[in-house]
Amino acid sequence: VSGAYTVTSSILSLTVDGSNGSSATVSRAGDYCPIYCKIKCQLSDRNNNQEAYLGFVNDITDQTIKILAYFSGTDNATIKFISSYSGIDEETEETDVVLPVGLTTAQFLQYGIYFNGPTANFTINDIVVAKHGNHLPNMYQDMELVAGIHNLDSTVSASLNIDTFCFSN
């Protein structure tokens, strides 16, 4: 874990304070596919110029090769599912996911990413909401499991609250 965090009643809260560039991250060394993660979490607030992310990356500081659920902006009913072979726009696939009626990112939801080589599936509460088959990492690329929150150009505090953070391969 890096950045500000607290643990209360089994909930790990990664918190960005009101300073520009503030970030908090939790990660676990991974492996190559097939890989699967489940992260049960919620965002305390969605703000402009603030991002949160969950999933797999080649390097937690670089994040060019990735399969991530990406949260940005103030709409707590939308998420982007992003996969990238190299970080170059032409080698990146993005899918906008709209949560089912009644669900928001302010609620504890179970997010899952399964990468088996030819495809990557994104699930919310065990329902497949997006599937990528292009611009995926090399199937032998070592990936790390990561969850984090970051102020890009924001002076608002927020937390990514994690109940479950698990990885399997």
Give me each pair satisfying side-chain hydrogen bond (donor to acceptor under 3.5 Å, both in side chains) with a member in residues 29-40, each pair once, sequence neighbours excluded.
D31-N169, K38-D126
Does a donor on one side chain and an acceptor on the other come within less than 3.5 Å for S13 and S159?
no
Heavy-atom side-chain contact between F122 and L68 under 4.5 Å
no
With a 4.5 Å limit on heavy-atom distance, are the side chains of L103 and L109 in contact?
yes
Atom CG in L12, atom CZ in F165: separation rounded to 0.5 Å?
8.5 Å
Is there a path of hydrophobic side-chain contacts, each under 4.5 Å between heavy atoms of I/L/V/M/F/W/Y residues, joining Y5 to L43?
yes
Just so I know, are the side chains of I79 and Y70 near enough to count as touching, which here means a heavy-atom distance under 4.5 Å?
no
Under 3.5 Å donor-acceptor pairs involving side-chain atoms of residues 128-148, not counting sequence neighbours:
residue: H132; atom: ND1; partner: S83; partner atom: OG; Å: 2.7
residue: H132; atom: NE2; partner: T95; partner atom: OG1; Å: 2.7
residue: N138; atom: OD1; partner: Y140; partner atom: N; Å: 2.6

Check G87 against S84 and note the closest heavy-atom contact, atom names and distance.
N-OG, 2.7 Å
Hey, does I162 have a side-chain heavy atom less than 4.5 Å from the side chain of V26?
yes
Stepwise, does the side-chain hydrogen bond (donor to acceptor under 3.5 Å, both in side chains) test hold for Q50 with N151?
CA-CA 5 Å; Q50 196 170 68; N151 273 347; 2.5 Å; yes
Under 4.5 Å between any side-chain heavy atoms of Y53 and L160, yes or no?
no
Please determine, by modelled atom types, if Q42 and N161 share a side-chain donor-acceptor pair under 3.5 angstrom.
yes
Assess the residue pair D17 and S22 against the criterion (side-chain hydrogen bond (donor to acceptor under 3.5 Å, both in side chains)); give the C-alpha distance rounded to whole Å, side-chain angles, the decisive distance to 0.1 Å, and a yes or no.
CA-CA 6 Å; D17 59 24; S22 174; 3.3 Å; yes
Could you measure the distance from the CG atom of N48 to the OG1 atom of T74? Nearest 0.5 Å is fine.
5.0 Å
Would you list the pairs meeting side-chain hydrogen bond (donor to acceptor under 3.5 Å, both in side chains) in which at least one residue belongs to residues 96-109, sequence neighbours left out?
R46-T105, K80-D96
How close do T64 and N58 get, counting heavy atoms only, and between which atoms?
N-OD1, 3.4 Å
To check you understand the geometry: which heavy-atom pair defines the closest contact between V16 and A24, and what is its length?
CG1-N, 4.2 Å
Show the atom names and distances, to 0.1 Å, of all donor-acceptor pairs under 3.5 Å that link a side chain in residues 113-120 to residues at least two apart or in another chain.
residue: N116; atom: OD1; partner: T119; partner atom: N; Å: 3.0
residue: N116; atom: OD1; partner: T119; partner atom: OG1; Å: 3.0

So, taking the atom named CZ in F71 and the one named CG in N76, what distance separates them when rounded to the nearest 0.5 Å?
11.0 Å
Worked verdict on V57 versus I65 for side chain to side chain contact (heavy atoms under 4.5 Å, CB included):
CA-CA 6 Å; V57 296; I65 300 171; over 6 Å; no
With sequence neighbours excluded, what pairs up with S168 under the side-chain contact (heavy atoms from CB on, under 4.5 Å) test?
none
To the nearest 0.5 angstrom, please state how far the OH atom of Y111 sits from the SG atom of C41.
5.5 Å
Rounding to 0.5 Å, atoms CG (L54) and SG (C37) come to a distance of 7.5 Å
Are a donor atom and an acceptor atom from the side chains of E91 and S86 found within less than 3.5 Å of each other?
yes
Gap between atom CD1 of I60 and atom OG1 of T25 - 0.5 Å precision
6.0 Å
Got a sec, which hydrophobics cluster with Y85, joining ILVMFWY side chains under 4.5 Å apart, including via others?
none
